[in-house]
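Note sheet for the following structure.
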Amino acid sequence: MPELPEVETVLRGLQPHLEGQVIARAEARRPDLRWPLPPDLVQVLTGARVVALRRRSKYILAELQDRGSLLLHLGMSGRMLIEDQAQGGFHRDPAILPRHDHVVFWTDRGTRITFNDARRFGMVDLVAPGASHPLLAHLGPEPLSDGFTPEVLIAAFAGRRSPVKTALLDQRIVAGLGNIYVSEALHRAGIDPRRAAGRIGAARIAALTGHIRDVLTEAIAAGGSSLRDHRQATGELGYFQHAFRVYDREGAPCPRPGCPGAIRRIVQSARSSYFCPQCQK
DNA sequence: AACAGTACCTGAACGC
DNA sequence: TGCGTTCAGGTACTGT
């Protein structure tokens with residue numbers, strides 16, 4: 001399930017199969033995603049050479065030689081499946097229903113890549129050569145880039161009355177965080193998710209930037225090391241064992257050494273937040 | 001301009 | 001077993 005680290009893991013898993021390869025065949029099996037597939041998707045993909053794959057926020061971009069880019073978002077339930085000859089007896093997890101295979105394509109090496117998304121919140125679109133895409137236009141800094149500095153986050157929080165939880169989910173402030181890693185980063189930083197973003201001291205915001213970097217870096221490392229070739233036996237990419245300190249741990253003891261608190265769940269903007277009332281202020 | 005609420009969709013887990 | 005309810009890792013849109 002895709003926040004930045006999961007998308008990065010999916011990206012790294014796809015790279016060896018796609019970069020430098022030509023898409024020999026493509027199918028759009030179900031065009032009615034939340035945003036309909038572009039009508040010329042199959043035409044543009046067929047015969048296209050994938051020059052490079054990269055990530056921006058939770059989006060994956062496949063740069064196509066002379067044909068612009070393919071833009072992909074996994075939404076809440078999107079998955080990428082890989083099948084190839086080297087894999088031998090491919091066995092798909094029976095919970096991943098073929099009726100949710102929306103886009104399928106084959107490289108000229110015979111590898112099949114499938115975008116499967118039960119809830120259809122994911123998105124596949126094309127970006128014309130030299131064009132930009134509106135969905136990428138207003139994204140904030142990449143949290144693992146040099147552009148994500150304490151000064152940037154301090155400025156972005158200034159004057160904001162909304163809870164810091166909500167502010168960190170705003171992709172214009174910082175790109176790629178989702179519900180899990182916001183809770184995790186705020187716990188590490190000792191900041192109450194209900195606190196107004198504009199009322200956090202500069203030093204604490206500066207520390208928060210470091211914790212955001214750390215938790216994302218650790219999650220990417222966990223994804224990369226726990227899954228050989230980033231792929232499970234079922235061919236599914238991007239799933240790995242998480243080690244959350246607070247997310248989905250309501251009632252559990254606070255993992256901070258010496259803290260007597262218990263993890264609490266609250267709802268903010270209709271989404272769960274997990275935190276320790278003892279050590280997050 | 002910032003913010004809250006709603007909408008989009010399916011499936012898994014839970015309570016009765 | 002079946003049925004209803006609630007919840008799920010995202011983001012765009014609308015209205016105040």
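Chain identifiers are assigned alphabetically (A, B, ...) following the order of the sequence lines, protein sequences preceding nucleic acid strands; residue numbering begins at 1 within each chain.
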Any idea which of [options] is nearest the [X] side chain?
X       : options                   : value
Q171(A) : dG11(B), dT11(C), dG9(C)  : dT11(C)
R265(A) : dT11(C), dC7(C), dA12(C)  : dC7(C)
H100(A) : dA8(C), dT10(B), dG9(C)   : dT10(B)
R120(A) : dC7(C), dG9(C), dC9(B)    : dC9(B)
L97(A)  : dG11(B), dA12(C), dG10(C) : dG11(B)
A118(A) : dG9(C), dG11(B), dC9(B)   : dG11(B)
H73(A)  : dT11(C), dC8(B), dA8(C)   : dT11(C)

What are the two closest heavy atoms between Q278(A) and C259(A), and how far apart are they?
-> CB-SG, 3.7 Å
Here the pair of heavy atoms bringing D117(A) nearest to H102(A) is O-NE2, 2.6 Å
Taking atom P in both dC3(C) and dC9(B), compute the distance separating them and give it to the nearest angstrom.
-> 24 Å
Base, sugar-phosphate alone, or nothing: which one does S272(A) contact when heavy atoms must sit under 4.0 Å apart?
-> sugar-phosphate
Touch class at under 4.0 angstrom, heavy-atom based, for R172(A) against every strand present = nothing
Tell me: [atom1] of [X] to [atom2] of [N], nearest whole Å?
X       : N       : atom1 : atom2 : answer
Y247(A) : dG9(C)  : OH    : C1'   : 6 Å
M76(A)  : dG10(C) : CE    : P     : 6 Å
R79(A)  : dA12(B) : CZ    : C1'   : 11 Å
R56(A)  : dT11(C) : CZ    : P     : 12 Å
D117(A) : dG10(C) : CG    : C1'   : 10 Å

Hey, is the main chain of F244(A) close enough, under 3.5 Å, to the side chain of E184(A) for a donor-acceptor pair?
-> no
With stacking defined as ring centroids separated by under 5.5 Å and planes differing by under 30°, is F121(A) stacked against dC9(B)?
-> no
Interface residues of residues 154-166 of chain A with DNA chain B (non-hydrogen, below 4.0 angstrom) = R160(A), R161(A), S162(A)
Pairs counted as Watson-Crick or G-U wobble with both distances under 3.5 Å: what dot-bracket string results for DNA chain B, using | for bases tied to another strand?
-> .|||||||.|||||||
